[in-house]
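A quick write-up on the structure given underneath.
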Amino acid sequence: MDEQIHAIEKELKKELTKERFEHTRGVMYTAACLAMRYGCDMRKAMLAGLLHDCAKHIPNEKKLKLCKKNHIELTQAELDNPSLIHAKLGAFLAKNQYDIEDSDILHAIRVHTTGAPEMNLLDKIIFLADYIEPNRNKAKNLSIIRELAFQDIDKAILQNLSDTLRYLDENKEKGSIDPMTLQTYEYYKQEADNDK
Ligand code: DGI
Ligand code: FE
Ligand code: FE
């Protein structure tokens, strides 16, 4: 195994819960498979997958403090739902704690929770791998999205987003919908309609 990947794995194993660490490895290998399928840089996909949730274990209060200290600007949606912050803060830590300089990897980590309109291939791969990795078992339509992910990545992204929006609508205790999640859905819906 690549030395850098191995060293980061070792460090993350100490920081994350067993479940989160297993999820992280699941995302890393699922992202590698999607990178093979779609001709993306496999190593970048693995590093982004490995580090995408590196800020997840930090308590919300500390997340807010770290953002303030490091001048990381937060949106109203992130202030209202601090669990969303792990994406932006994760990109910061990937750079400053795990020495990742590649801007594509950092961007994929940054947008992995809400997605974003016009995601690049690596962004899409991490967004989807996070949703479909083998340890996931709760979401609706998982087997359909898993199959779709390897057939038509944009269709899989659209189904993922539409299911997430429905889930948030039906489970209000999970917090309000970030306008970015909605914007991402609308962008990929429009793209799909344009292709019809
Ligand atoms: O960090 P993970 O659990 O591996 O996955 P993630 O970063 O995609 O976060 C998943 C959670 O984020 C899931 O419970 C849905 C939630 N989420 C996604 N978009 C939004 C959202 N939560 C809120 N409140 N608003 C959103 O727009
Ligand atoms: Fe996450
Ligand atoms: Fe995740």
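Atoms within each ligand, like the ligands themselves, are counted from 1 in listed order.
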Within a strict 4.5 Å, meaning less than it, do heavy atoms of the [X] and [Y] side chains meet?
{"X": "K140", "Y": "Q159", "value": "no"}
{"X": "L79", "Y": "L64", "value": "yes"}
{"X": "D130", "Y": "R136", "value": "yes"}

Examine ligand 1 and decide if any of its atoms is less than 4.0 Å from a heavy atom belonging to E173. no

Judged by non-hydrogen atoms, does R20 sit under 4.0 Å from ligand 1? yes

Counting only N and O atoms by type, is there a donor-acceptor contact under 3.5 Å from the side chain of [X] to the main-chain atoms of [Y]?
{"X": "K155", "Y": "I145", "answer": "no"}
{"X": "R110", "Y": "A87", "answer": "no"}
{"X": "N81", "Y": "A77", "answer": "yes"}

Any N/O pair [X]/ligand 1 closer than 3.5 Å:
{"X": "T114", "value": "no"}
{"X": "H52", "value": "no"}
{"X": "R136", "value": "yes"}

Test of understanding: given a 4.0 Å heavy-atom threshold, classify the contact between L168 and ligand 1 as side chain, backbone, both, or neither.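 Just the side chain.
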
Per-residue contact class, L84 against ligand 1 - non-hydrogen pairs under 4.0 Å: side chain

Only heavy atoms of [X], strictly under 4.0 Å: list the atoms of ligand 1 that pass.
{"X": "H112", "answer": "7 (O)"}
{"X": "K56", "answer": "1 (O), 2 (P), 3 (O)"}
{"X": "H23", "answer": "4 (O)"}
{"X": "N81", "answer": "24 (N)"}
{"X": "H86", "answer": "1 (O), 7 (O)"}
{"X": "G175", "answer": "24 (N)"}
{"X": "D53", "answer": "1 (O), 2 (P), 4 (O)"}
{"X": "I177", "answer": "25 (N), 27 (O)"}

Are H112 and H107 an aromatic pair by the rule of ring centers under 6.0 Å?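 No; H107 has its ring centre 6.0 Å or more from that of H112.
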
Determine whether any protein heavy atom is located less than 4.0 Å from atom 21 (C) of ligand 1.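 It does; a protein heavy atom is within 4.0 Å.
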
Mark whether atom 13 (C) of ligand 1 lies under 4.0 angstrom from at least one protein heavy atom. no

Working note: L93 + L51, criterion side chain to side chain contact (heavy atoms under 4.5 Å, CB included); need CA distance, chi angles, decisive distance, verdict. CA-CA 9 Å; L93 293 180; L51 283 165; over 6 Å; no

Nearest to [atom], what protein heavy atom do you find, and at what distance?
{"atom": "atom 24 (N) of ligand 1", "value": "S176 O, 2.9 Å"}
{"atom": "atom 9 (O) of ligand 1", "value": "T113 CG2, 3.7 Å"}
{"atom": "atom 19 (N) of ligand 1", "value": "T181 OG1, 3.4 Å"}

Under 2.8 Å from the Fe ion (ligand 2), is there an N/O/S atom belonging to H52? no

Measure from the Fe ion (ligand 2) to each N, O or S atom of D130 and report whether any distance is below 2.8 Å.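 Short answer: no, not a single N, O or S atom is under the cut-off.
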
Between the side chains of [X] and [Y], is a donor N or O closer than 3.5 angstrom to an acceptor N or O?
{"X": "N171", "Y": "K174", "result": "no"}
{"X": "Q4", "Y": "E9", "result": "no"}
{"X": "D178", "Y": "T75", "result": "no"}

Say whether I72 and I105 are linked into one hydrophobic cluster, either directly or through other cluster members, by side-chain heavy-atom distances under 4.5 angstrom.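 I72 and I105: separate clusters.
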
Sole residue of E191, K124, M119 in side-chain contact (heavy atoms from CB on, under 4.5 Å) with D154: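 Testing each of E191, K124, M119 against D154, the sole residue satisfying side-chain contact (heavy atoms from CB on, under 4.5 Å) is K124.
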
Taking just the N, O or S atoms of H112, which one is nearest to the Fe ion (ligand 2)?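 Closest to the Fe ion (ligand 2) among those atoms: NE2.
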
Side chain to side chain donor-acceptor pair (under 3.5 Å) between S83 and N60: does it pass, once the steps are laid out? CA-CA 7 Å; S83 71; N60 283 341; 5.9 Å; no

Closest candidate by heavy atom, reference atom 6 (P) of ligand 1, pool D178, D130, T164, I109: D130

Do you know which N/O/S atom name in H23 is closest to the Fe ion (ligand 3)? NE2

Among the N/O/S atoms of D53, the Fe ion (ligand 3) lies closest to OD2

Would you sort out whether D169 and R166 count as a salt bridge (charged side-chain N to carboxylate O under 4.0 Å, His left out), showing the intermediate values? CA-CA 5 Å; D169 194 45; R166 185 169 345 101; over 6 Å; no

